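One structure is given below, encoded as structure tokens.
Worth saying up front: this structure is predicted, and the values here are computed from it rather than measured.
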Amino acid sequence: MVYKVKKLIVNFLQFKKAFVNYPFRKFNVVEVLLFWVSERLSRSQFLILSGILVGLSAGLAGVLLKVLVHHIQFFINNDVPFKERMFVYGMFPLIGIVLTALIVKYLFKGDEEKELSFVLKDISNGSKVKSNKMYSQIVQSAVTVGFGGSVGLETPIAVTGSAIGSNYAQRYRLGFKERTLLLASGAAAGIAAAFDAPIAGVMFAFEILLTGLVFTDFIPLVIAAICGSLLSTIILNEDVLFNLQARETFNYGNVIFYIGLGALTGIYARYFLVVGQKVHHFFDRFKKRRLSKAIVGGLMLSALCVAFPPLFGEGYLNIRILHQGNVEHLIHESLFRYFGESQWIILIFLALAVLFKAFATSITLSSGGNGGNFAPSLVAGGLLGYLFGFALEMIGISDVPITNLMLVGMAGVMSGAMYAPLTGIFLIAETSSGYDLFIPLMIVSVMAYAINRFFSKVNPSYNKLAERGEIFTTRQDQNILSHIRLRDCLNPSSLVISTRDGMDEVLSKFRNSDQNTMAVVDVNNQFWGILNRHNLRPYLLGKKSTRETSVSKLSISPSFIVSPTDSVMKVIKMFDEADVWQLPVLDQDRKFHGFVSRSMILNNYRKLLMDYSE
């Protein structure tokens with residue numbers, strides 16, 4: 001045994017010595033150790049080890065961010081008197097957004113890529129996430145949310161975890177499939193740590209990040225989520241974690257309530273997304289005026305937070321207050337305290353808070369703040385579910401399961417707004433120990449998701465990227481075709497003849513070539529048409545004389561002309577309609593660039609299919 005240990009140590013030291021003099025990159029001892037271990041483990045074993053390391057790192061980043069923001073907001077909500085708190089609500093959101101904008105401009109050189117759509121874009125471009133995303137999101141979102149930005153920490157945590165997984169895989173020279181798997185593992189670990197919900201983390205990775213990709217080896221993903229969740233359980237307490245244990249028992253007689261709530265959350269989720277697009281369009285007018293945009297957005301958000309304190313920060317504390325049955329506390333801690341605490345005042349306050357939550361979140365994100373829609377959609381869903389139950393009680397219906405409606409409403413809005421019903425279902429089931437709520441959770445989440453899918457097949461936040469083929473969707477054939485470059489499908493043996501060439505010369509070129517089609521150009525070197533072997537067959541066989549014809553007379557117009565800017569998907573449709581194997585590529589000046597080959601497109605498709613699906 002001692003001999004084997006000594007042998008391993010000597011082997012490692014020899015291996016390390018080879019790394020010391022690497023000409024292009026330096027490695028620390030831990031990295032050298034991992035390279036050494038990777039050579040002694042199988043691919044599956046090293047991926048499992050990588051899943052553990054990425055999961056722990058991403059989970060730790062998520063825990064750090066949650067603790068940091070929790071302590072800032074705990075101080076504001078508990079140690080500051082009401083009048084001073086109104087001043088905080090009126091100033092802190094503005095300060096937070098302006099500070100975030102300045103941090104982005106001066107510390108991160110204007111890099112504003114902060115949404116999940118950019119991670120999806122990175123996946124389709126080889127799963128290579130920028131290294132600064134491993135820490136930039138933590139800094140930016142801590143400032144934004146800590147100072148009252150009406151967004152959540154989960155998206156920055158997921159982006160941070162993705163960057164950790166991707167850069168780990170790049171560092172250890174792993175392939176596309178491994179990079180993508182570890183990228184998703186980091187995101188899953190981050191989500192699992194944020195909620196202490198490993199299954200929800202895995203569902204999040206599969207539903208949102210791995211769309212259009214097929215993986216048979218997902219054990220590292222599960223292990224990473226477990227590691228993130230374990231860290232969260234060990235380090236965080238219930239005040240930081242989102243946990244709602246007490247609730248009503250599910251009653252099958254209340255199914256009609258959940259059907260109504262499903263329709264309501266679906267419509268609200270659509271409203272949430274549309275408001276986000278409108279607000280984003282409004283702030284687009286500021287273009288490069290980053291500071292002006294931050295000030296305008298900060299002022300708007302501060303005004304909303306003064307009028308409706310539940311819009312301040314993540315908002316989970318307000319859901320916990322409602323869960324405890326203290327809805328009057330929300331009224332008492334707002335300016336609505338001066339209007340009394342009647343049921344109508346509570347109803348109006350909750351309704352307005354729900355409606356303005358979409359604006360507060362969109363303003364925070366569009367004006368320069370950093371965060372995501374994860375927490376806002378959950379909080380808005382909770383407020384909406386409570387509002388729905390409260391309204392049912394007001395009209396005289398007894399035994400309304402308000403707590404259950406609030407929990408299920410959270411899953412509904414999140415499912416519709418993020419197009420992730422499984423994530424919504426399992427997240428609420430795990431955080432509330434509500435596995436007996438699976439039926440209402442499935443009813444509401446699926447209804448909300450279906451309603452939003454009716455309006456748009458792809459999440460509107462990703463629509464433009466999907467149309468340009470920059471992210472993967474559920475249509476795997478389009479995913480692959482969109483990542484084939486047209487220039488890689490040009491026939492390198494494309495032959496060109498001139499209208500001035502004699503027919504004997506043309507026939508000689510065809511006899512000595514395996515090409516069936518040639519391009520014809522005029523005296524100005526502009527495209528004239530094409531000549532194919534079928535049209536020349538009588539002349540090649542000597543059945544017709546070439547004396548009474550010419551190249552210009554025999555050339556024909558192609559069925560379609562391809563532009564260098566056309567997508568491969570568009571070219572494939574041309575091939576299907578024309579039923580040919582080659583089409584000419586011309587620029588705006590009708591200069592011939594070559595023939596795009598159908599067979600080369602199919603070969604590239606096959607190669608990418610193997611990369612993305614094995």
(request) Test side-chain contact (heavy atoms from CB on, under 4.5 Å) on Leu583 and Phe560 and set out the steps. (result) CA-CA 7 Å; Leu583 286 172; Phe560 292 96; 4.2 Å; yes
(request) Side-chain contact test, heavy atoms from C-beta onward, threshold under 4.5 Å: evaluate it for Phe426 versus Val202 and give yes or no. (result) no
(request) Looking only at non-hydrogen atoms, find the nearest pair between Ala184 and Leu210 and report the distance. (result) CB-CD2, 3.8 Å
(request) For Val571, check side-chain contact (heavy atoms from CB on, under 4.5 Å) against everything at least two apart and list the hits. (result) Leu486, Val562, Asp566, Phe575, Val596, Ile601
(request) Report yes if some heavy atom in the side chain of Ser597 is under 4.5 Å from a heavy atom in the side chain of Cys489; otherwise report no. (result) no
(message) Once rounded to the nearest 0.5 Å, what's the spacing between atom CE of Met414 and atom CZ of Phe374?
(response) 4.5 Å
(message) Can a side-chain donor-acceptor contact be found between Gln140 and Thr144 if the only test is distance below 3.5 angstrom?
(response) no
(message) My understanding is that only residues two or more places apart in sequence, or in another chain, count here; which of them pass ring pair (Phe, Tyr, Trp, His ring centres under 6.0 Å) with Tyr168?
(response) Tyr172
(message) Working note: Leu47 + Ile219, criterion side-chain contact (heavy atoms from CB on, under 4.5 Å); need CA distance, chi angles, decisive distance, verdict.
(response) CA-CA 9 Å; Leu47 278 178; Ile219 292 177; over 6 Å; no
(message) Would the distance check show the side chain of Ser362 and the main-chain N or O of Phe359 forming a donor-acceptor pair, the cut-off being under 3.5 Å?
(response) no
(message) Within the structure provided, determine whether Pro376 and Phe272 are in side-chain contact (heavy-atom separation under 4.5 Å).
(response) yes
(message) Between the side chains of Asp576 and Arg598, is the shortest nitrogen-to-carboxylate-oxygen separation below 4.0 Å, so that they form an ion pair?
(response) yes
(message) Within the structure provided, determine whether Lys133 and Lys130 are in side-chain contact (heavy-atom separation under 4.5 Å).
(response) yes
(request) Heavy atoms only: give me the nearest Phe283-Val296 pair and the separation to one decimal. (result) CE2-CG1, 4.2 Å
For residues 151-164, please give each side-chain donor-acceptor pair under 3.5 Å, one per line with the distance, not counting sequence neighbours.
from, atom 1, to, atom 2, distance (Å)
Glu154, OE1, Ala375, N, 3.4
Glu154, OE2, Tyr316, OH, 3.0
Thr160, OG1, Pro156, O, 2.8
Ser162, OG, Ala158, O, 2.8

(message) For Ala417, is there any backbone N or O sitting under 3.5 Å from a side-chain donor or acceptor partner on Asn459?
(response) yes
(request) Would you name the heavy atoms of Gly424 and Ser415 that are closest together and state the gap between them? (result) CA-OG, 4.0 Å
(request) Kindly compute the distance separating OG (Ser50) from CZ (Arg43), expressed to the nearest 0.5 Å. (result) 10.5 Å
(request) Return each pair, listed once, that meets side-chain hydrogen bond (donor to acceptor under 3.5 Å, both in side chains) where at least one residue sits in residues 267-276; pairs must be two or more places apart or across chains. (result) none
(message) Quick check against the 3.5 Å criterion: does Ser555 have a side-chain atom that pairs as donor or acceptor with the backbone of Gly529?
(response) no
(request) Kindly write out the residues that satisfy side-chain contact (heavy atoms from CB on, under 4.5 Å) with Asp589, not counting sequence neighbours, or none if the list is empty. (result) Asp587, Lys591
(message) Could you measure the distance from the CZ atom of Phe118 to the CG atom of Asp122? Nearest 0.5 Å is fine.
(response) 9.0 Å
(request) Identify the heavy atoms of Gln170 and Ser127 that sit nearest to each other, and give their distance. (result) NE2-O, 4.4 Å
(request) Can you sort out the partners of Asp284 under side-chain contact (heavy atoms from CB on, under 4.5 Å), two or more places apart, ordered by chain and number? (result) His280
(request) State, yes or no, whether a side-chain contact exists between Ile103 and Phe108 at a heavy-atom distance under 4.5 Å. (result) yes
(message) Is there a side-chain contact between Leu183 and Val119 in this structure, where contact means two heavy atoms from C-beta onward sitting under 4.5 Å apart?
(response) yes
(message) Using 0.5 Å steps for rounding, measure from the CG atom of Leu182 to the NZ atom of Lys177.
(response) 13.0 Å
(request) Determine yes or no for a side-chain-to-main-chain donor-acceptor pair under 3.5 angstrom, with Glu207 supplying the side chain and Thr423 the backbone. (result) yes
(message) Please find the pair of heavy atoms, one from Arg285 and one from Arg289, that lie closest to each other, and give the distance.
(response) O-NH2, 3.5 Å
(message) Counting C-beta onward and ignoring hydrogens, is there a side-chain heavy-atom pair between Phe206 and Leu221 closer than 4.5 Å?
(response) yes
(message) Is there a side-chain contact between Phe595 and Thr517 in this structure, where contact means two heavy atoms from C-beta onward sitting under 4.5 Å apart?
(response) yes
(request) To the nearest 0.5 angstrom, please state how far the OG1 atom of Thr565 sits from the NZ atom of Lys570. (result) 7.0 Å
(message) Keeping Asp522 on the side-chain end and Gln526 on the backbone end, is there a donor-acceptor pair under 3.5 Å?
(response) yes
(request) Compute whether any side-chain donor of one residue and acceptor of the other, for Ser44 and Ser42, lie under 3.5 angstrom apart. (result) no
(request) Any chance you could lay out the side-chain contact (heavy atoms from CB on, under 4.5 Å) test for Ser599 and Trp581, step after step, and finish with the verdict? (result) CA-CA 7 Å; Ser599 60; Trp581 283 91; 4.2 Å; yes
(request) Of all the heavy-atom pairs spanning Lys293 and Ser366, show the shortest one and how long it is. (result) CD-O, 3.5 Å
(request) Please lay out, stage by stage, how Tyr419 and Ser456 fare under the test side-chain contact (heavy atoms from CB on, under 4.5 Å). (result) CA-CA 10 Å; Tyr419 282 51; Ser456 175; 3.7 Å; yes
(message) If I take atom CD1 from residue Ile199 and atom CD1 from residue Ile191, how far apart are they, to the nearest 0.5 angstrom?
(response) 15.0 Å
